[in-house]
Chemist: 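Here's a structure for you.
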Amino acid sequence: MNEDRKVVTRFAPSPTGYLHVGGARTALFNWLFSRHHGGSFILRIEDTDQLRSTDESTRAILDAMEWLGLVWDEGPYFQAQRVQIHRKMVERLVETGRAYHCTCTPEILEEKRKSALAEGRKPKYDGTCRDKRLPRTPDSVVRFRSPEVGVTTLDDLIKGTISFNNEELDDLVIERSDGFPTYNFAVVVDDAQMGITHVIRGDDHVNNTPRQIQLYEALGYEVPRFGHVPMILGADKARLSKRHGATSVMAYKEMGYLPEALVNYLVRLGWSHGDQEIFSLDELVDLFDLGAVGKSAAVFNPEKLIWLNQHYIKTCPEDRLVDLMKPFWQERDLDTGDPAFLRSIVADLRPRAKTLLEMAESGVFYFQDEVVYEEAAAAQFLKSEVAGPLGDIAGGLADVEDYSKKGIEDFLRKIAEERATKLKHIAQPLRVALTGKTVSPGIDEIMITLGKKRVVERLLRALAYIERKGER
RNA sequence: GUCCCCAUCGUCUAGUGGCCUAGGACACCGGCCUUUCACGCCGGUAACCGGGGUUCGACUCCCCGUGGGGACGCCA
């Protein structure tokens, strides 16, 4: 093929479910490849399976693509709307003798398949109708007349050269009895007519490729370059599926992952650039190429994704992080109306959060003036002996002029000293009084974020709680 | 079963015949910091699937085995 032609790639999902992480990685590689080479990227929905395709799935896939930032230059095109074109091309093959009508029933075919498997043979169409020159009938399908001898060679951009003996390949169906083209045919016609120069897809398609190459040739099309990316496996090395955990891209959004974390994680599953782990999208566009994609399957490792997510939470611009967090708190009916308050909360929470969801949950106490005490925390720390120091804090806070981390720490240390105890002994009770929990951001950070007024209110509530408990 | 692909720490990977006493990252284990939890910092455990070749020299090249994955649909 002409090497100086502009690169055109595509992602062609079938709308039979959500976008899963494997598909997302394929889309990402296509997107990066075209961007890197200054080409364009097309989205095509392969909906020729009328039974399983749904509009909801299409919508879900588009949403996920957008969330990941994989914007397409053309499309989405819908394959089912192109059936007239496909039929015309099928007709052309029939006319030239490269395809023929077949009336074998699915039942008979299935039987033959089973017995072939049982006898240890490779199941192949036996060519019953190949030379019968049958006319089209309501139940007939169209099969491609594939060469019986010779070798078809694939020069894969990732896997290298792969050869197939043509005798391994049988006469595949290219048009179903319902008049719709099958995948292997439609994909060839569409890729060729849309000018796709590089077909980058999962390596579960390797075995389809020689058939497709034969179709390109029979149709008189230029054969594109292929790059087959290895599969993503679960922890047990089996193909990644729901039983390994979340596989839907949008599920990761809901679990509080940042799109850049998922993108960074997925790109490193199979691709690398020396020892570098963190990549911005711009860097990826600059650095990505198929030559650095590995040949072997990779195990999906949620731990590393979490680490990346944590990294991106730590480095995300504050305003954006606040915007990302809002929906998580609004979902919990919390008041997100005070921008300064939110910014401060987010600043407290972000260094210790793995996901936005976790961040949202751990920050709920900021919004609740009536702090809910965890039972064990209250039992251990809200006891009568801490009423003294907590009372001192509540009473003395108004006079603290330097209400900063430093000033607050000095103030608390002074109270500890006066009470002849150590800061650590009053820190936990104070933490429980302010948050209801034993684990939280730093006391000083919380006090600044909450402000003196709320801190005093919470302390008074805690003192009342201690008193009530003492009476029982 | 047949065909196709793959094979470096538990995981993701660097490595393209001498730079390897095999590097980085996640996870894990210690230590430091400390008002909890994290963050951070410092340190540690841990791998070239096996066997034959080729070569002065193999993680790197070839063959065989083994293991894993994929395909074998009127699904894509």
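This structure is a prediction, so every number in the text was calculated from the model and none was measured. Lettering of chains follows the sequences in order, A, B, ..., and the numbering in each one begins at 1.
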Chemist: Picking from B:C6, B:A25, B:A76, which would you name as closest to the side chain of A:K295?
Modeler: B:C6
Chemist: With sugar-phosphate meaning primed atoms plus P, OP1 and OP2, does A:K314 contact a base, only sugar-phosphate, or nothing at under 4.0 Å between heavy atoms?
Modeler: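 Sugar-phosphate, no base atom in range.
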Chemist: Please tabulate, one pair per line, all N/O donor-acceptor pairs under 3.5 Å involving side-chain atoms of residues 352-359 of chain A, not counting sequence neighbours.
Modeler:
{"residue": "A:R352", "atom": "NE", "partner": "A:D348", "partner atom": "O", "Å": "3.4"}
{"residue": "A:R352", "atom": "NH2", "partner": "A:E445", "partner atom": "OE1", "Å": "3.2"}
{"residue": "A:T355", "atom": "OG1", "partner": "A:L357", "partner atom": "N", "Å": "3.4"}
{"residue": "A:T355", "atom": "OG1", "partner": "A:E358", "partner atom": "N", "Å": "2.9"}
{"residue": "A:E358", "atom": "OE2", "partner": "A:K354", "partner atom": "N", "Å": "3.3"}

Chemist: Which pairs count as side chain to side chain donor-acceptor pair (under 3.5 Å) when at least one residue sits in residues 291-305 of chain A, sequence neighbours excluded?
Modeler: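 Residue pairs with at least one partner in residues 291-305 of chain A: A:E277-A:K304.
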Chemist: Is the phosphate of B:A76, meaning OP1 or OP2, less than 4.0 Å from a side-chain N or O of A:T48?
Modeler: yes
Chemist: Can a donor-acceptor pair be found between the side chains of A:E283 and A:Q276 at a distance below 3.5 Å?
Modeler: yes
Chemist: Applying a 4.0 Å non-hydrogen cut-off, can you work out what A:F180 is touching in the nucleic acid: base, sugar-phosphate, or nothing?
Modeler: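 The residue A:F180 makes no contact with any strand.
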Chemist: Once you apply a heavy-atom cut-off of 4.0 Å, does A:G202 come out as touching a base, just sugar-phosphate, or nothing?
Modeler: nothing
Chemist: Only one of A:D170, A:T152, A:N184 passes side chain to side chain donor-acceptor pair (under 3.5 Å) with A:R211; say which it is.
Modeler: A:D170
Chemist: Any donor-acceptor pair, under 3.5 Å, between the side chain of A:R431 and the base of B:U35, if you only look at N and O atoms?
Modeler: yes
Chemist: What integer distance in Å separates A:L154:CG from B:C4:P?
Modeler: 13 Å
Chemist: Could you please name the option among B:C37, B:A38, B:C74 that lies closest to any side-chain atom of A:Q310?
Modeler: B:A38
Chemist: Starting at atom CZ of A:F144, determine the distance to atom P of B:C74, rounded to an integer number of angstrom.
Modeler: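 Computing the A:F144:CZ to B:C74:P distance gives 16 Å.
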Chemist: Counting the atoms with a prime plus P, OP1 and OP2 as sugar-phosphate, which does A:S272 contact under 4.0 Å by heavy atoms, base, sugar-phosphate, or nothing?
Modeler: sugar-phosphate
Chemist: Between A:C102 and A:P351, who's closer to the 5' end of RNA chain B by nearest nucleotide?
Modeler: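 Result: A:P351.
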Chemist: Check every strand shown and say whether A:N165 touches a base, only sugar-phosphate, or nothing at a heavy-atom separation below 4.0 Å.
Modeler: nothing
Chemist: Reckon A:N208 touches a base, only the sugar-phosphate, or nothing at all at heavy-atom distances under 4.0 Å?
Modeler: base
Chemist: If you draw the axis of the six-membered ring of A:F29, does the NZ or CZ of A:R25 fall within 45° of it and under 6.0 Å from the ring centre?
Modeler: yes
Chemist: Does a side-chain heavy-atom distance below 4.5 Å link A:I174 with A:P181?
Modeler: no
Chemist: Considering residues at least two apart in sequence or located in another chain, which fulfil the side chain to side chain donor-acceptor pair (under 3.5 Å) criterion with A:H101?
Modeler: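 A:H101 satisfies side chain to side chain donor-acceptor pair (under 3.5 Å) with no other residue.
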Chemist: Can a donor-acceptor pair under 3.5 Å be found between the side-chain atoms of A:R352 and the base atoms of B:C37?
Modeler: yes
Chemist: Which nucleotide in the set B:A76, B:C5, B:C12 lies at the smallest distance from any side-chain heavy atom of A:I162?
Modeler: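 For the A:I162 side chain, the nearest candidate turns out to be B:C5.
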Chemist: Which residues, if any, of residues 403-425 of chain A bring a heavy atom under 4.0 Å of RNA chain B?
Modeler: A:R413, A:K424
Chemist: Whole-Å distance between B:U13 P and A:L305 CG?
Modeler: 14 Å
Chemist: Any ring-ring contact (aromatic ring centres under 6.0 Å, His included) involving residues 153-187 of chain A? Give me the pairs, sequence neighbours left out, ordered by first then second residue.
Modeler: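 Sorted result for residues 153-187 of chain A: A:Y183-A:H205.
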Chemist: With both distances under 3.5 angstrom, what nucleotide forms a Watson-Crick or G-U wobble pair with B:A71?
Modeler: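 Because both required distances fall under 3.5 Å, B:A71 counts as paired with B:U2.
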Chemist: Can you tell me the distance, in whole Å, between the NE2 atom of A:H311 and the P atom of B:G40?
Modeler: 10 Å
Chemist: Please state the P separation for the pair B:A27 and B:C41 - nearest whole angstrom.
Modeler: 13 Å
Chemist: Under 4.0 Å, counting only non-hydrogen atoms across every strand here, what does A:S362 touch: a base, just sugar-phosphate, or nothing?
Modeler: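 No contact.
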Chemist: For A:F300, give me all partners under ring-ring contact (aromatic ring centres under 6.0 Å, His included), at least two apart in sequence or on another chain.
Modeler: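 ring-ring contact (aromatic ring centres under 6.0 Å, His included) list for A:F300, sorted by chain: A:Y265.
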Chemist: Which whole-number value in Å describes the distance from A:R268 CZ to B:G24 P?
Modeler: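 A:R268 atom CZ is separated from B:G24 atom P by 14 Å.
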Chemist: Name the nucleic acid region contacted by A:V141, choosing base, sugar-phosphate or nothing; use a 4.0 angstrom heavy-atom cut-off, strictly under.
Modeler: base
Chemist: Would you say the base of B:G24 and the side-chain of A:E277 have a donor-acceptor pair closer than 3.5 Å?
Modeler: yes
Chemist: Only pairs with both distances under 3.5 Å count, Watson-Crick or wobble alike; so what is the partner of B:G30 in this structure?
Modeler: B:C42
Chemist: If you check every side-chain atom of A:D275, which of B:C26, B:U36, B:G24 has the closest atom?
Modeler: B:G24
Chemist: Where along residues 228-240 of chain A does a heavy atom fall under 4.0 Å from RNA chain B?
Modeler: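 When residues 228-240 of chain A is checked for heavy atoms under 4.0 Å from RNA chain B, the hits, listed by number, are A:K237, A:R239.
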Chemist: Report the nucleotide, chosen from B:A25, B:U2, B:U35, that has the shortest atom-to-atom distance to any side-chain atom of A:W307.
Modeler: B:A25
Chemist: Under 6.0 Å from the six-membered ring centre of A:F365 and within 45° of its axis: does the NZ or CZ of A:K437 meet both?
Modeler: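 Checked: cation-pi criterion not met.
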Chemist: Under the side chain to side chain donor-acceptor pair (under 3.5 Å) rule, collect the residues that match up with A:T209, sequence neighbours excluded.
Modeler: A:R201, A:H228
Chemist: Please tell me which of A:S163 and A:D178 maps to the more 5' nucleotide of RNA chain B, matching each residue to the nucleotide holding its nearest heavy atom.
Modeler: A:S163
Chemist: Just to verify, what does A:R419 make a salt bridge (Lys or Arg N to Asp or Glu O under 4.0 Å) with, not counting sequence neighbours?
Modeler: A:D392
Chemist: Would you mind classifying the nucleic acid contact of A:L269 as base, sugar-phosphate or nothing, using non-hydrogen atoms under 4.0 angstrom?
Modeler: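 Sugar-phosphate, backbone atoms only, no base.
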Chemist: Can you tell which of B:C72, B:G24, B:U11 lies closest to the side chain of A:V299?
Modeler: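 Per side-chain heavy atoms of A:V299, the pick is B:U11.
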Chemist: Out of B:C74, B:C72, B:C4, which nucleotide sits closest to the side chain of A:P123?
Modeler: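 Given the options B:C74, B:C72, B:C4, the side chain of A:P123 is closest to B:C72.
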Chemist: Just how far, in rounded Å, is P of B:G10 from CG of A:N301?
Modeler: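 About 13 Å, once rounded to whole Å.
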Chemist: Taking only nitrogen or oxygen atoms into account, show me every contact under 3.5 Å that the protein makes with nucleotides 43-47 of chain B, one pair per line with its distance.
Modeler:
none

Chemist: Does a distance-only test, which skips hydrogens and angles, find a donor-acceptor pair under 3.5 Å between the side chain of A:S440 and the base of B:C37?
Modeler: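 Side chain to base: no pair present.
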Chemist: With heavy atoms under 4.0 Å as the rule, sort A:P13 into base, sugar-phosphate or nothing.
Modeler: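 It contacts nothing in the nucleic acid.
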Chemist: Tell me whether A:R44 forms a cation-pi arrangement with A:F78, defined as NZ or CZ under 6.0 Å from the six-membered ring centre and within 45 degrees of its axis.
Modeler: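 Pair A:R44/A:F78 does not count as cation-pi.
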Chemist: Does A:R113 reach a base, just sugar-phosphate, or nothing at all? Heavy atoms under 4.0 Å.
Modeler: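 If one applies the 4.0 Å heavy-atom cut-off, A:R113 turns out to touch the sugar-phosphate alone, with no base involved.
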Chemist: Rounded to the nearest Å, what distance is computed from the CG atom of residue A:L287 to the P atom of nucleotide B:A14?
Modeler: 14 Å
Chemist: According to salt bridge (Lys or Arg N to Asp or Glu O under 4.0 Å), does anything in residues 10-22 of chain A pair up with another residue at least two apart or in another chain? List the pairs.
Modeler: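 Passing the test, one end in residues 10-22 of chain A: A:R10-A:D191.
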Chemist: Would you measure the distance from the P atom in B:G18 across to the matching atom in B:U60 and give it in whole Å?
Modeler: 12 Å
Chemist: Tell me which nucleotide among B:C26, B:A76, B:C3 gets nearest to the side chain of A:K122.
Modeler: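 Among the listed nucleotides, the one closest to the side chain of A:K122 is B:C3.
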Chemist: With sequence neighbours left out, what residues match A:D139 under salt bridge (Lys or Arg N to Asp or Glu O under 4.0 Å)?
Modeler: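 Once residues adjacent in sequence are excluded, A:D139 has no partner under the salt bridge (Lys or Arg N to Asp or Glu O under 4.0 Å) criterion.
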Chemist: Check the distance between B:U13's P and A:F300's CZ and give it to me in whole angstrom.
Modeler: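 Taking CZ of A:F300 and P of B:U13, I get 13 Å after rounding.
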